[in-house]
Amino acid sequence: MQNQNDQSRMDRIVSLAKRRGFIFQSSEIYGGLNGFWDYGPLGVALKRNLKDAWWHDMVAGHDELATLTGAPSPYEMTGLDCTIIMHPQVWKCSGHFDLFHDWMIDCRESKRRYRYDHLHGRWAAHRGKKVFVTTDASGDEAAPATVARAQKFFGLRAKQVDEIEWGGGLESLQQAIAAGSATLADTLGPDAAAPGSLTEPREFNLMFETRIGALAGDDEDRAFLRPETAQGIFVNFKNVLDTSRVRVPFGIAQVGKSFRNEITPRNFTFRSREFEQMEIEFFCKPADSAAWYRYWRDRRWKWYLDLGLTAGRLQLREHAADELSHYSVGTADIEYAFPFLAAGEFGELEGIAHRGDFDLRSHMEGKLVRKDGELVVETGPDGKPRHKGSGKDLSYFDDITRERFVPHVIEPSAGADRATLAFLCDAYHEDEVPDEDGKPRSRTVLKLHPRLAPIKAAILPLVKKDGMQEVAIDLYRALKPHMACQYDEKGSVGRRYARQDEAGTPWCLTVDGQSLADRTVTLRDRDSLVQQRVAIDEVVDLLRDKLS
Ligand code: GAP
């Protein structure tokens, strides 16, 4: 189970994120909007650095002449930036229109709405009265929540709680109803005073709907905000092939906003209604697809480790064979042990999926369904395709081998907000450092990888006199064209170090009396706290080397 420290650690991370301007609730002055988050001055830099690192490492910096470790051959990478609103037929053929839903359940009494699979409960009895008590709390908070609910329902005082007889541990309400071990009539909703207030579960499509044009009204105007960036890539596959010189195998990458009308957004930015994805659709020959799947799974796993996520909090979870679509040879999730989860639980950062030829065929032929182990176009009662494809030929002709085929797709799909949150949680440390008088002082420090840190270096004149400011300003101006840095002369140097530690700044450069005599500064390392003297004229090269 999650321990109390981890939840309170999460609370402290959320508090730091707000206090230091990493993440704010959207529209906060109007009470906020659930599931929507804004990035403040430090947060926008952190998230941008993360997206830039991804784009650089996967696309812009990719060496298409080399065979990278684990890759079956050299390959090309290119990019796209597609619109958020696309032709509604895109979502019909992709399957999102029919299938992208969660089950929700309403409470007639409290008027609250829950995601069915988020409700857990257990049987409680007292003096012949029995009820299935539910909660929407997760992790460590779930069991105590059911105790509090049962206590209130039976009208007991705190010291009488032990009189409650519990019929087993917490289980999913959905599974309990399916197994027949509970009924909705016996169920006490998470915010209800009496049992039987929960409605039958209903499907709820997660796509946000909108209308296009001034004459909005009829079904023709109906459109959706994209729930993933991937489809923009599939529908542009032919455009990219026809206009660039890429050859299979190659990948198309895209970073951008996606929208899902999550029933219960929760856990800070982890499950939001508006978020950013970083997706690659990698097109390859069907015969090589298993090897490319393994390459991308391992490559993406290593990316998180190289940027400093703690290996012990990361997990690569291969889906079991019975979880896979029949056309897929593999799907793996890269997961992180977020502090808001119970011990042993992990939350998804990225999925790497082998998608076969499902997506390109869907946009050629129409929405596909699985029938007798084969993917076939789904037909309506009139025998015509339920959702008609574009009819455009999305196959690929290899002019060297003279083969024509529909490429298979490997899809590494990452969430920029979830990754930002994971790096923030992982970087958060509390330790003790000596203050200016050598006494231990507790500090909060973000040990972010220098590539991700919002500010790379802070330039601090020890005092505001004797020409130290001028030297520090010159150094700031020399460094600024090369990296994000900050000049700070306010407060004691100890307070300034503390401010930079909380912001995750890896290096502080202090200009002191000696600097005026020999043109050196102290370079303080955020993590080791080692201070060394370096020549002012070498600072730019030194820090650029460290960053690269
Ligand atoms: N094209 C495949 C796809 O969209 P997904 O697993 O639904 O796959 C990919 O989403 C990634 O997007 C997830 O691993 C997660 O990082 C991020 N993501 C999905 N839903 C999210 C949400 N509601 N809030 C924040 N990030 C989300």
Side-chain angles (χ1 to χ4, degrees), residues 23 26 33-39 47 50-51 54 80 82 84 86 90-91 93-96 99-102 115 117-118 204-208 224-235 237 251-282 293 296-297 300-301 303-304 309 314-317 319 323-325 328 330-336 338 340-341 346-356 358-360 362-363 409-425:
I23 300 172
S26 164
L33 194 58
N34 198 10
F36 296 89
W37 299 94
D38 294 337
Y39 286 80
K47 188 168 150 187
L50 178 104
K51 291 184 289 181
W54 183 89
L80 273 178
C82 307
I84 284 166
M86 299 168 69
V90 170
W91 308 111
C93 290
S94 69
H96 287 84
L99 303 169
F100 194 57
H101 55 242
D102 278 335
R115 220 173 101 168
D117 63 343
H118 281 174
F204 174 74
N205 195 296
L206 299 184
M207 283 197 294
F208 276 99
F224 304 93
L225 306 194
R226 68 180 176 199
E228 61 171 25
T229 59
Q231 298 303 322
I233 299 179
F234 296 127
V235 302
F237 172 73
I252 306 179
Q254 175 163 218
V255 179
K257 291 266 186 177
S258 291
F259 300 80
R260 297 184 188 178
N261 200 358
E262 299 283 355
I263 297 169
T264 46
R266 53 168 64 185
N267 292 329
F268 202 23
T269 58
F270 181 81
R271 189 175 306 286
S272 307
R273 289 179 165 138
E274 174 175 340
F275 55 95
E276 263 182 291
Q277 290 185 308
M278 309 183 290
E279 296 200 291
I280 296 171
E281 305 304 327
F282 188 79
Y293 164 70
W296 278 110
R297 181 198 59 194
R300 293 300 307 144
W301 165 256
W303 188 77
Y304 291 99
L309 277 193
L314 264 186
Q315 163 172 293
L316 184 68
R317 191 178 71 81
H319 287 207
E323 288 179 81
L324 297 176
S325 324
S328 173
T331 294
D333 289 341
I334 298 173
E335 301 176 332
Y336 181 74
F338 285 97
F340 51 76
L341 296 171
F346 290 78
E348 180 186 324
L349 289 181
E350 170 161 353
I352 299 97
H354 180 291
R355 299 183 58 87
F358 177 84
D359 305 280
L360 291 179
S362 303
H363 289 300
V409 168
I410 312 299
E411 178 192 66
S413 171
D417 304 83
R418 283 205 190 159
T420 303
L421 184 60
F423 280 106
L424 200 58
C425 292

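Order of appearance sets the numbers: ligands from 1, and atoms from 1 within every ligand. Only a predicted model underlies this, so the values are computations on that prediction, with no experimental measurement involved.
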Please classify the Glu279 to ligand 1 contact at 4.0 Å (heavy-atom distances, strictly less than): side chain, backbone, both or neither.
side chain

Within the side chain of Arg273, is there an N or O that forms a donor-acceptor pair under 3.5 Å with the backbone of Asn261?
no

Strictly distance-based, threshold 3.5 Å: is any side-chain N or O of Asp417 a donor or acceptor partner for the main-chain N or O of Glu276?
yes

For atom 17 (C) of ligand 1, the protein heavy atom that lies nearest, with its residue and separation
Gly415 CA, 3.7 Å

Selected option - heavy-atom contact closest to atom 10 (O) of ligand 1, from Glu262, Glu228, Gln277:
Gln277

Check: of Ala416, Pro412, Ala419, Ser413, min heavy-atom distance to atom 9 (C) of ligand 1 comes from Ser413

Chi angles and distances behind the ring-ring contact (aromatic ring centres under 6.0 Å, His included) call for Phe340, Phe268:
CA-CA 9 Å; Phe340 51 76; Phe268 202 23; 8.9 Å; no

Using the ring of each side chain (for Trp, its six-membered ring), is Phe208 parallel, tilted or perpendicular to Phe36, with breaks at 30° and 60°?
tilted

Is Glu281 paired with Arg355 through a side-chain N to carboxylate O contact shorter than 4.0 Å?
no

Please name all residues satisfying side-chain hydrogen bond (donor to acceptor under 3.5 Å, both in side chains) with Arg271, sequence neighbours left out, ordered by chain then number.
none

Tell me which protein heavy atom sits closest to atom 16 (O) of ligand 1, plus the residue, atom name and distance to 0.1 Å.
Leu349 O, 2.9 Å

re atom 25 (C) of ligand 1, the protein heavy-atom contact at minimum distance is Phe270 O, 3.1 Å

Under a 4.0 angstrom heavy-atom cut-off, which atoms of ligand 1 come close to Ser272?
22 (C), 23 (N), 24 (N), 25 (C)

Nearest-contact summary for atom 5 (P) of ligand 1 - protein heavy atom, Å:
Arg260 NH2, 3.9 Å

Could you name the option among Glu411, Arg226, Glu348, Arg418 that has the heavy atom nearest to atom 2 (C) of ligand 1?
Glu411

If you measure only the distance, is there a donor-acceptor pair under 3.5 Å linking the side chains of Glu335 and Gln315?
yes

Show the atoms of ligand 1 that are less than 4.0 angstrom away from any heavy atom in Ala230.
1 (N)

Please confirm whether Asp417 approaches ligand 1 to less than 4.0 Å, judged on its heavy atoms.
no

For a side-chain hydrogen bond (donor to acceptor under 3.5 Å, both in side chains) check, start with the C-alpha distance between Ser258 and Gln277, then their side-chain angles and the critical distance, and finish with the verdict.
CA-CA 7 Å; Ser258 291; Gln277 290 185 308; 2.9 Å; yes

Shortest protein heavy-atom distance from atom 18 (N) of ligand 1, along with the residue and atom involved
Phe275 CE1, 3.5 Å

